[in-house]
Amino acid sequence: MAELLFSYGTLRQRDVQLSTFGRELNGSDDAIVGYRLGWVTITDPHVIETSGSDRHPILKSGTPEDAVDGSVFEITDAELVAADEYEVDDYQRVQVPLRSGRQAWVYVFAG
């Protein structure tokens, strides 16, 4: 069964996709409403090496007027588990409505 994953950060990068999923993902533009972007410093050497940065965007709760643009990818259940392993401990995966009306998994800052 296919899952929808919304990404606003490093999972949109080709090298991260190849490392995490073993393939390049095809996505479509969408947005998550009610959130805003923040930033976090990553210390996991593998994530830094794969993404090319120790500074990663994070979603934080915002106002109904806030929105964050990103991409929606259709992935398998196994790839969703791989995405869970890529994300750092300060994130949690939640399912949210997107501007398009679709529901997708997204990683939000848990700290």
Side-chain angles (χ1 to χ4, degrees):
M1 173 176 241
E3 298 283 351
L4 293 180
L5 177 66
F6 178 78
S7 177
Y8 53 91
T10 59
L11 283 174
R12 297 170 78 187
Q13 296 175 359
R14 181 181 185 275
D15 289 346
V16 172
Q17 292 175 6
L18 292 174
S19 174
T20 304
F21 306 114
R23 68 181 180 102
E24 188 173 358
L25 303 178
N26 292 317
S28 59
D29 293 339
D30 212 326
I32 183 172
V33 178
Y35 288 87
R36 60 184 173 79
L37 279 183
W39 296 91
V40 66
T41 301
I42 303 297
T43 59
D44 183 319
H46 174 71
V47 174
I48 294 169
E49 180 181 341
T50 304
S51 70
S53 177
D54 69 345
R55 189 167 148 81
H56 287 208
I58 56 172
L59 284 180
K60 293 185 170 189
S61 292
T63 68
E65 294 80 29
D66 290 327
V68 175
D69 293 329
S71 300
V72 179
F73 302 105
E74 191 172 297
I75 61 173
T76 66
D77 291 336
E79 289 171 330
L80 188 59
V81 171
D84 288 345
E85 293 171 3
Y86 170 76
E87 293 296 342
V88 294
D89 293 338
D90 291 339
Y91 290 80
Q92 65 183 22
R93 178 170 42 101
V94 297
Q95 200 165 39
V96 297
L98 301 176
R99 182 177 284 151
S100 65
R102 298 183 288 179
Q103 291 277 328
W105 292 107
V106 66
Y107 294 92
V108 298
F109 188 59

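Sequence positions, counted from 1, serve as the residue numbers for this chain.
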(request) Taking all non-hydrogen atoms of both residues into account, name the closest pair between Gln17 and Phe73 and its distance. (result) NE2-CZ, 3.6 Å
(request) Check whether any side-chain heavy atom of Val94 lies under 4.5 Å from a side-chain heavy atom of Val106, and answer yes or no. (result) yes
(message) Would you compute the distance between atom CG of Leu18 and atom CG of Leu25 and round it to the nearest 0.5 angstrom?
(response) 8.5 Å
(request) Kindly say whether Ala31 contributes a backbone atom to a donor-acceptor pair with the side chain of Tyr8 at under 3.5 angstrom? (result) no
(message) Please tell me whether Leu11 and Trp39 are part of a single hydrophobic cluster in this structure, the criterion being side-chain heavy atoms less than 4.5 Å apart.
(response) no
(request) May I have the step-by-step check of side-chain contact (heavy atoms from CB on, under 4.5 Å) for Glu79 and Leu5, ending in yes or no? (result) CA-CA 10 Å; Glu79 289 171 330; Leu5 177 66; over 6 Å; no
(request) Could you pull out the closest heavy-atom pair between Asp69 and Arg12, with the gap in Å? (result) O-NH1, 4.0 Å
(request) Please report the closest heavy-atom contact between Gln103 and Leu4, naming both atoms and the distance. (result) O-CD1, 3.4 Å
(request) List the atom of Leu98, the atom of Ala104, and the distance in Å for their closest heavy-atom pair. (result) CD1-CB, 3.7 Å
(message) Checking the side chain of Asp66 only, and the main-chain atoms of Arg36 only, is there a donor and an acceptor separated by less than 3.5 Å?
(response) no
(message) For a quick test of reading the model, state the closest non-hydrogen atom pair linking Glu3 to Trp105 and the distance between them.
(response) OE1-NE1, 2.9 Å
(request) Kindly give the heavy-atom pair with the smallest separation between Asp30 and Arg102, and that separation in Å. (result) OD2-NH2, 3.2 Å
(message) Please determine whether the number of non-hydrogen atoms from other residues, nucleotides or ligands lying under 6.0 Å from atom CD of Glu74 exceeds 12.
(response) no
(request) Go through the steps for Phe6 and Ser71 under the test side-chain contact (heavy atoms from CB on, under 4.5 Å), then give the verdict. (result) CA-CA 6 Å; Phe6 178 78; Ser71 300; over 6 Å; no
(request) Examine Val72 and Val33 and state if one hydrophobic cluster contains both, with Ile, Leu, Val, Met, Phe, Trp and Tyr joined whenever side-chain heavy atoms are less than 4.5 Å apart. (result) no
(message) Determine whether a donor-acceptor pair (N or O, by modelled atom type, separation under 3.5 Å) exists between the side chain of Tyr107 and the backbone of Ile58.
(response) no
